[in-house]
Trainee: 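Would you mind keeping the following structure in view while I ask a few things?
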Amino acid sequence: MSKHWVYAFRAGQADGDATMKELLGGKGANLAEMSSLNLPVPPGFTITTEACVHYYKNNSELPEGLVAEVERALAELESTTAKGFGNVDNPLLVSVRSGARASMPGMMDTVLNLGLNDATVDGLAKLTGDERFALDCYRRFITMYSNVVLGVSHHSFEDILDDHKDRLGVSVDTDITAKDWRRVVSDYKDMVKSELGHDFPQDPKDQLWGAVKAVFGSWMNDRAKFYRKMHDIPEDWGTAVNVQSMVFGNMGETSATGVAFTRNPSTGEGVLYGEFLLNAQGEDVVAGIRTPQALTRRAREEMGEKSPSMEESLPDVFAQFKSTVDILERHYRDVQDVEFTVEQGKLFMLQTRNAKRTSKAALKIAVDMAKEGLITSQEALMRVDPGSLDQLLHPMLDPKAEKVIIAKGLPASPGAASGKIVFTADDAVRLSAAGEDVILVRDETSPEDIHGMHAAKAIVTARGGMTSHAAVVARGMGRPCVSGAGEMQIYSDRGEFVARGQTFRHGEVITLDGSTGEIIKGAVRMIEPDFSEDFHQIMAWADEFKRLEVRTNAETPADARTALGFGAKGIGLCRTEHMFFDDERIAAVREMILADDEAGRRKALAKIQPMQQNDFAELFRIMDGLPVTVRLLDPPLHEFLPHTEEDVRIVAEASGVGAEKLYKRTKELSETNPMLGWRGCRLGITFPEIYESQLRAIFHAAVEVQKAGGTPVPEIMHPLVATSQEMVNLTDMTHRIAAEVFTETGTKVAYKTGTMIELPRAALLADKLAQSAEFFSFGTNDLTQTTYGISRDDSGRFLNPYIEKGIFDKDPFVSLDQEGVGALISIASQKGKTTRPDIKMGICGEHGGDPASIAFCHAIGLAYVSCSPYRVPVARLAAAQAAIGSAK
Ligand code: ADP
Ligand code: MG
Ligand code: MG
């Protein structure tokens with residue numbers, strides 16, 4: 001079949017379907033699908049994304065054959081609708097709508113009511129018997145077309161309209177009569193002519209091609225580009241163009257337009273949720289010009305609203321609408337976000353797509369749908385973004401904290417945040433770049449504000465509903481948002497807003513709670529969230545499917561308990577040096593470092609050992625029956641010495657060691673390249689008394705806990721091993737001390753000895769290390785540093801430019817470099833197994849909580865990943881997704 005540029009759709013029949021998003025864009029593919037389902041969709045046709053791609057590749061030239069195909073589709077549309085494009089007595093009007101593969105809400109352009117001109121507007125008036133309506137359409141069309149296609153600012157139109165409203169003494173558009181709309185339209189046309197030097201285009205075909213090209217062009221506007229960058233959408237996809245016959249929500253009090261979600265996109269609650277406006281056209285709802293009304297009676301009552309819901313004011317259409325969206329949700333097996341219009345009591349569906357949702361809603365919806373039998377538990381697991389769980393585990397406002405509420409709006413996107421007030425997107429970007437938390441406060445937001453919304457911690461708007469631009473974008477970005485806080489008067493030019501009689505200025509701190517809609521003075525105390533049953537359910541399903549075990553990196557009892565609560569199966573990395581920094585202990589540690597000889601060091605270590613023993617015993621008790629992997633001392637000793645003059649003075653005074661001596665020792669220990677210096681097991685081998693003391697503390701703790709009836713599972717981990725001789729030396733030491741402690745106490749505890757693999761040499765010779773090491777833990781932070789020869793602490797200056805230039809895909813310290821560092825891990829894991837087939841392997845770097853890195857660990861058959869406590873649920877889910885994904 002030869003290539004087509006145009007695909008038609010009409011109720012009961014369509015050339016395309018929902019699987020054709022790449023070619024028809026999401027909007028076009030779903031319009032086709034809904035038409036095939038025989039739902040009430042106004043007929044039309046879709047120009048493919050390929051036509052747009054061609055247009056960009058060929059100097060803004062339309063592909064050959066497109067014009068003819070559009071002419072044919074238009075003729076067909078005329079016959080389906082029994083109207084004529086440009087026909088003065090019975091004009092066909094269309095919308096020209098953008099729609100890319102991935103949804104980019106509001107980022108590109110759409111023109112409504114196209115086909116109107118000075119003649120057809122009168123035809124429409126006669127045909128409908130409603131002159132006011134016809135003129136309302138025409139003024140909307142002139143505004144939109146002039147703005148989108150001809151580049152005339154919409155402010156110019158608003159100014160004219162405001163002048164007329166002042167003159168007439170009316171405040172809402174719906175109060176303007178036909179006669180007055182005629183004057184507005186005439187002023188509009190004069191203004192366009194004086195701005196552009198030519199008349200507003202009257203030929204519908206010219207209008208059509210102008211709009212098609214403008215929609216193609218909107219793919220490359222700044223906000224679309226920014227949105228794509230933020231969401232990793234490729235530039236070369238292009239947008240489709242949907243040309244669709246118009247239906248009119250502005251034909252009086254039995255007409256309406258609205259948007260709805262089949263479930264609440266903010267909380268996930270399984271009830272229809274949406275907003276509508278009587279006697280209006282689609283763009284009015286999103287623009288926040290009038291405040292929309294609730295769709296259902298329940299929602300209206302909950303909000304304490306007076307104006308009737310659609311369920312109450314248009315009960316028959318509402319019932320039809322409800323059953324239509326139920327069909328859609330069952331058909332797509334996911335929550336749908338729909339646009340609809342009612343024309344004189346008749347329902348039309350204009351758009352459907354899988355709804356964007358908050359992380360909280362995503363979780364609830366996935367679990368509910370699996371319980372309802374609509375999807376399987378595997379599908380439910382695949383529908384929750386592991387990274388987003390992190391958001392749910394984050395703090396919210398302490399309900400007990402004092403709150404001075406300064407205004408209330410709609411709970412548009414959940415979560416809480418405090419920050420400084422800013423009134424413009426540019427200020428938001430500037431202050432947040434300077435490290436400030438900011439809250440963007442606006443009358444309403446538009447796609448031009450997107451960079452500022454991204455930079456802000458949260459967003460407040462005085463106008464607009466739950467589906468306003470601000471609300472939708474904030475939910476997508478995971479930013480808390482309060483919209484429609486009508487009691488705030490915002491004077492952005494003066495840099496202040498007034499609410500309940502108080503004035504708040506740029507830079508003052510406020511807090512907002514996107515779950516309640518409250519805006520609060522100052523900063524408010526936050527607390528840890530409490531977990532829903534859905535969270536536990538998804539975690540339980542994750543455990544059913546995942547193969548990787550998830551451990552945690554923790555050294556304090558508090559962290560260990562948190563991680564256990566999140567389902568960690570042991571500690572994969574306990575960094576013992578963190579136990580040294582405690583105020584009480586650091587003095588003894590410094591005494592050890594400053595000692596002149598081994599005897600002096602042993603004396604100081606004897607003070608630290610019982611404290612460490614208590615620490616380990618506590619961790620063994622918390623992780624009863626689960627492995628606790630203890631890494632022996634790793635950092636270079638000078639990290640424990642004071643560095644500033646002031647600190648040296650304080651330490652010298654406290655320790656009784658002269659400042660002179662302190663300086664001298666610090667100087668002796670200082671290294672040109674500490675990362676590659678006297679650290680890790682090199683310390684333990686040259687000053688064995690340090691590791692011996694740590695080992696004694698570990699084994700005594702294990703004996704103590706086991707004697708009390710517990711089950712300690714110690715795993716001794718030696719850091720920065722490069723050679724098998726080091727490993728032999730360290731293993732011997734470990735066994736010797738264990739034997740001593742076990743003889744001394746008359747109790748034996750099972751334990752393992754292993755190493756971190758964090759040097760390329762260790763990875764390459766892992767078979768030799770495995771002769772004495774019983775487990776490997778890949779220390780991917782250091783392994784990344786040593787593989788690339790890049791210091792994590794110093795990489796800031798070139799890492800971003802590298803990512804911008806596309807030399808690095810991602811920050812290799814955040815997401816594992818699977819090709820390079822990953823190759824070393826693979827080699828080490830294969831070689832390790834040749835010596836010791838049952839060797840246990842895992843990773844314990846930052847990467848242990850990164851979903852892509854976890855998928856890699858699953859794929860190469862590691863046994864576990866270890867990550868920070870809050871990432872444990874993320875890792876459990878990512879591990880399940882890796883298992884489900886690779887089983888497909
Ligand atoms: P966006 O992607 O910004 O939502 P749309 O193409 O969906 O842009 O259109 C903007 C608004 O116009 C929506 O509310 C939509 O429902 C409405 N609309 C689009 N086409 C028509 C039409 N043929 N008849 C009536 N309203 C329409
Ligand atoms: Mg839309
Ligand atoms: Mg290391």
Side-chain angles (χ1 to χ4, degrees), residues 575-617 630-643 647-671 674 677-704 714 716-721 725-745 753:
R575 305 170 174 96
T576 49
E577 59 272 17
H578 288 215
M579 299 170 164
F580 282 8
F581 281 107
D582 191 286
D583 267 355
E584 265 178 70
R585 303 173 189 191
I586 188 76
V589 173
R590 284 172 177 156
E591 183 187 328
M592 185 264 293
I593 297 170
L594 295 170
D596 295 320
D597 52 15
E598 188 188 323
R601 281 194 294 277
R602 283 191 187 277
K603 200 172 129 233
L605 284 165
K607 291 185 194 164
I608 306 166
Q609 191 180 309
M611 300 189 234
Q612 281 229 310
Q613 182 177 329
N614 282 340
D615 293 338
F616 292 133
V630 183
R631 179 181 70 182
L632 302 186
L633 195 67
D634 185 54
L637 293 178
H638 54 79
E639 280 194 15
F640 299 99
L641 293 181
H643 287 103
D647 286 346
V648 169
R649 198 183 52 74
I650 295 170
V651 170
E653 221 162 79
S655 62
V657 180
E660 273 306 294
K661 178 164 181 191
L662 254 174
Y663 272 128
K664 187 165 155 272
R665 190 69 179 135
T666 307
K667 223 173 143 201
E668 276 167 17
L669 287 173
S670 88
E671 294 172 313
W678 190 26
R679 54 170 291 226
C681 69
R682 297 161 198 168
L683 277 176
I685 287 173
T686 45
F687 280 180
E689 56 278 9
I690 298 180
Y691 275 20
E692 286 173 10
S693 154
Q694 287 198 296
L695 287 165
R696 267 187 210 102
I698 295 167
F699 289 122
H700 273 294
V703 165
E704 175 193 331
I716 314 298
M717 182 152 78
H718 297 286
L720 216 72
V721 168
Q725 289 83 355
E726 283 172 330
M727 198 60 221
V728 169
N729 177 302
L730 296 161
T731 316
D732 285 351
M733 179 199 293
T734 310
H735 292 330
R736 179 164 50 77
I737 303 295
E740 271 173 35
V741 173
F742 296 161
T743 315
E744 209 177 296
T745 57
T753 315

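Owing to the predicted nature of the structure, the values given are computational and were not obtained by experimental measurement.
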Trainee: On a heavy-atom basis, which atom in Pro636 and which in Glu671 lie closest, and how many Å separate them?
Mentor: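 What the structure gives for the nearest pair is CB-OE1, 3.9 Å.
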Trainee: Determine whether a donor-acceptor pair (N or O, by modelled atom type, separation under 3.5 Å) exists between the side chain of Ser693 and the backbone of Glu689.
Mentor: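 Side chain of Ser693 to backbone of Glu689, a donor-acceptor pair under 3.5 Å: no, none is there.
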Trainee: Can a donor-acceptor pair be found, under 3.5 Å and without considering hydrogens, that links the side chain of Arg585 to the backbone of Met579?
Mentor: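 Yes, the answer is positive, given that a donor and an acceptor are paired below the 3.5 Å cut-off.
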Trainee: If you compare all heavy atoms of Thr686 against all heavy atoms of Arg682, which two are closest, and at what distance to 0.1 Å?
Mentor: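 Shortest heavy-atom contact: OG1-O, 2.6 Å.
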Trainee: With sequence neighbours excluded, tell me which residues meet salt bridge (charged side-chain N to carboxylate O under 4.0 Å, His left out) with Glu660.
Mentor: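 Counting only residues at least two positions away or on another chain, Glu660 forms no salt bridge (charged side-chain N to carboxylate O under 4.0 Å, His left out).
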Trainee: Please name the pair of heavy atoms, one in Leu730 and one in Cys681, separated by the smallest distance, quoted to 0.1 Å.
Mentor: CD1-CB, 3.5 Å
Trainee: What I'd like to find out is whether the side chain of Met592 reaches to under 4.5 Å of the side chain of Ile690, using heavy atoms alone.
Mentor: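 They are in contact (side-chain heavy atoms under 4.5 Å apart), so the answer is yes.
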Trainee: Nearest 0.5 Å, what's the CZ-CE distance between Arg575 and Met717?
Mentor: 9.0 Å
Trainee: Distance-only, no hydrogens or angles: does the Arg665 side chain make a donor-acceptor pair with backbone N or O of Ile593 under 3.5 Å?
Mentor: yes
Trainee: Working to the nearest 0.5 Å, report the span between CG of Leu641 and CZ of Arg590.
Mentor: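 The distance works out to 7.0 Å.
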Trainee: Would you find a donor on one side and an acceptor on the other, under 3.5 Å apart, between the side chain of Thr576 and the backbone of Arg631?
Mentor: yes
Trainee: For atom NZ of Lys661, decide whether the heavy atoms of other residues, nucleotides or ligands shown that lie under 6.0 angstrom number more than 12.
Mentor: yes
Trainee: Which pair of non-hydrogen atoms, one from Thr753 and one from His735, has the smallest distance, and what is that distance?
Mentor: OG1-CE1, 3.7 Å
Trainee: What's the shortest heavy-atom distance between Gly680 and Tyr691, and which atoms?
Mentor: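 Distance-wise, the nearest heavy atoms are O-OH, 3.1 Å.
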Trainee: Can you label the angle between the Phe687 ring and the Trp678 ring as parallel, tilted or perpendicular, going by 30° and 60°?
Mentor: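 If you compare the ring of Phe687 with that of Trp678, the planes turn out perpendicular.
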Trainee: Under a 4.5 Å cut-off applied to non-hydrogen side-chain atoms, are Thr734 and His718 in contact?
Mentor: yes
Trainee: Taking NZ, NE, NH1 and NH2 as the nitrogens, is one of them in Glu591 or Lys607 under 4.0 Å from a carboxylate oxygen of the other?
Mentor: yes
Trainee: With Arg602, which residues qualify under salt bridge (charged side-chain N to carboxylate O under 4.0 Å, His left out), at least two apart?
Mentor: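 So Arg602 forms a salt bridge (charged side-chain N to carboxylate O under 4.0 Å, His left out) with Glu598, Glu692.
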Trainee: Between Gly684 and Met733, what is the shortest heavy-atom contact and its length?
Mentor: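 Looking at all heavy atoms of both residues, the closest pair is O-CE, 3.5 Å.
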Trainee: Test His700 against every option in Ile737, Asn614, Leu695, Val741 by the side-chain contact (heavy atoms from CB on, under 4.5 Å) rule and name the one that passes.
Mentor: Val741
Trainee: With distance as the sole test, does Gln609 use its side chain to make a donor-acceptor pair with the main-chain N or O of Arg696 at under 3.5 Å?
Mentor: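 A pair under 3.5 Å: no.
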Trainee: Rounded to the nearest 0.5 Å, how far does CZ of Phe616 lie from CD of Glu704?
Mentor: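 Output value for this atom pair is 12.5 Å.
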Trainee: At what distance, to the nearest 0.5 angstrom, does CG of Leu633 lie from CG of Leu683?
Mentor: 6.0 Å
Trainee: To the nearest 0.5 angstrom, please state how far the OG1 atom of Thr745 sits from the CD atom of Glu740.
Mentor: 11.5 Å
Trainee: Quick one: CZ on Arg679 to CG on Leu637, what's the gap to the nearest 0.5 Å?
Mentor: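 Going from the CZ atom of Arg679 to the CG atom of Leu637 covers 12.0 Å.
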